[in-house]
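Working notes, beginning with the structure itself.
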Amino acid sequence: MQDNTIVIQAPAVASKRSTREWQQADAAHFLHPFTDFGALAKKGSRIITKAEGIYLWDSEGKKILDAMSGLWCVNVGYGQNSLVEAATRQMKELPFYNAFFQTATPPAIELAELLAEVTPPNFQHVFFAGSGSEGNDTVVRMVRRYWDILGQPERKVIISRKNGYHGSTMAGASLGGMSYMHAQGGLPIPDITHIDQPYWHEHGHGMDKAEFGKVAASWLEKRILEVGADKVAAFIGEPVQGAGGVIVPPATYWPEIQRICDKYGVLIVSDEVICGFGRTGNWFGCETQGFKPDLMTFAKGVTSGYIPLGGVMVGDRMAKVLIEQGGDFNHGYTYSGHPVASAVAVANIKLIQQLKLVEHVRDDVGPYLAQQFASLKDHPLVGDTETCGLMGAILLVKDKAKNTAFPAEIDIGMVCRGHCFGNGLIMRAVGDRMIIAPPLVMNRAQMDEMMSLIRRCLDLTLADATRNGWL
Ligand SMILES: *Cc1c(COP(=O)(O)O)cnc(C)c1O
């Protein structure tokens, strides 16, 4: 350290204030994502202060089982020292350097190499970003650039799906199929079009599930022909829709999507931001769902959320063209290949390998969750359950026998979610679907604990429904 350097103590952080004081400061200054600012300011945020394993604690000292892995990201669970040490070491050695000036840093190179190792064999290259949304912005730029280089600049249209989630930047929200997002800000941007999702409960009634999978895939072919095959650049989808409500497509869906894309030369983009890094019982969701994408967007589980990082894996078909014929690609982010984020990602991926978390999900807790969720179908409120690896959904219905939904004015999901909050469980509500995606380190005993909390919350929701005459 140089003589003129003043040593400044790190500021004291969090801890000394009461819950009320935190809430007041929060309401005064912090605009939260996807939130009614005014309503939250009145109600007050829940202040989360620490975490360990699969549990969180709030500022009142209440322990909460985190069945959402933060926001689908804390795959290795909280409190993993190897990630903390990797960040600390890298911050001391080289906290930042860019990759613009024909320069690179060892952690970013090491991460690129490790990603090539854990992704399917046709992925040998990566473009780094800071988040999943930025990754999908890169997807739009890269897909269109690819077709430009090949002399087909009219191939611009990207086909996506309703109720899909691809992030919240202009491109991410446009690719996404959330109508309430499109309604704000003049979206989608041009040359993005959406087809219906492969959701059997919405579109497939009376149809065999395998048959429905092929029908849902045929909507893609129909749209390709409507747009004109020579104008379609790519199709993008999540292997299993996450934020849309953990919608697991029939096993016939993705192979048929692959066949259609191959037929018309359309690129396939797998948004692996949730499904990647072991969530579905394979390293990547496309392996579970049986298709071979040209690009894969990743974020969340790549660092288990310990630090922001995202990016796009670029398959050989596109990499060859971009590298050999592309010239400059005029795109990138200050934090593309951030050394600290990369070092944490390397530690995280190595930990997933050492703990054999992918196998743990595939062979042990994934099948166990499937069995446990299936057993919920005897509950009067549960119309159906679905799981894929360590993600799952519970569909709440008004009348099981007739499979009728609750009317729109009764937000049964929010009622159930309220009971979850009250009983120390974080389970999310998407319409009438209660969804979970717990940390991959969860063991069977912890899953039993989660299931008993889920049953209790379903019972409390049923009691409300009975008392209020909703059934
Ligand atoms: C969360 C998510 C994104 C966006 O990632 P951010 O890091 O929030 O920008 C994109 N795609 C999917 C499938 C996601 O779940």
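All ligand and atom numbering here is 1-based and tracks the order in the structure.
In this structure, Trp57 and Tyr55 have tilted ring planes: the angle between them lies in the 30° to 60° band. Ring orientation note: the planes of Trp200 and His205 are tilted relative to one another, at an angle of 30° to 60°.
Listed by chain and residue number, the protein contacts of ligand 1 are Ser131, Gly132, Ser133, Asn136, Tyr165, His166, Gly167, Glu238, Asp271, Val273, Ile274, Lys300 (heavy atom within 4.0 angstrom).
With hydrogens and angles left out, the side-chain atoms of Tyr146 and Asp294 include no donor and acceptor closer than 3.5 Å. Side-chain contact check for His32 and Asp26: at least one donor-acceptor pair (N or O, by modelled atom type) lies under 3.5 Å.
In this structure, Tyr306 contributes its side chain and Val344 its backbone to no donor-acceptor pair below 3.5 Å.
Taking the ring axis of Phe421 as reference, the NZ or CZ atom of Arg417 stays within 45° of it and closer than 6.0 Å to the ring centre.
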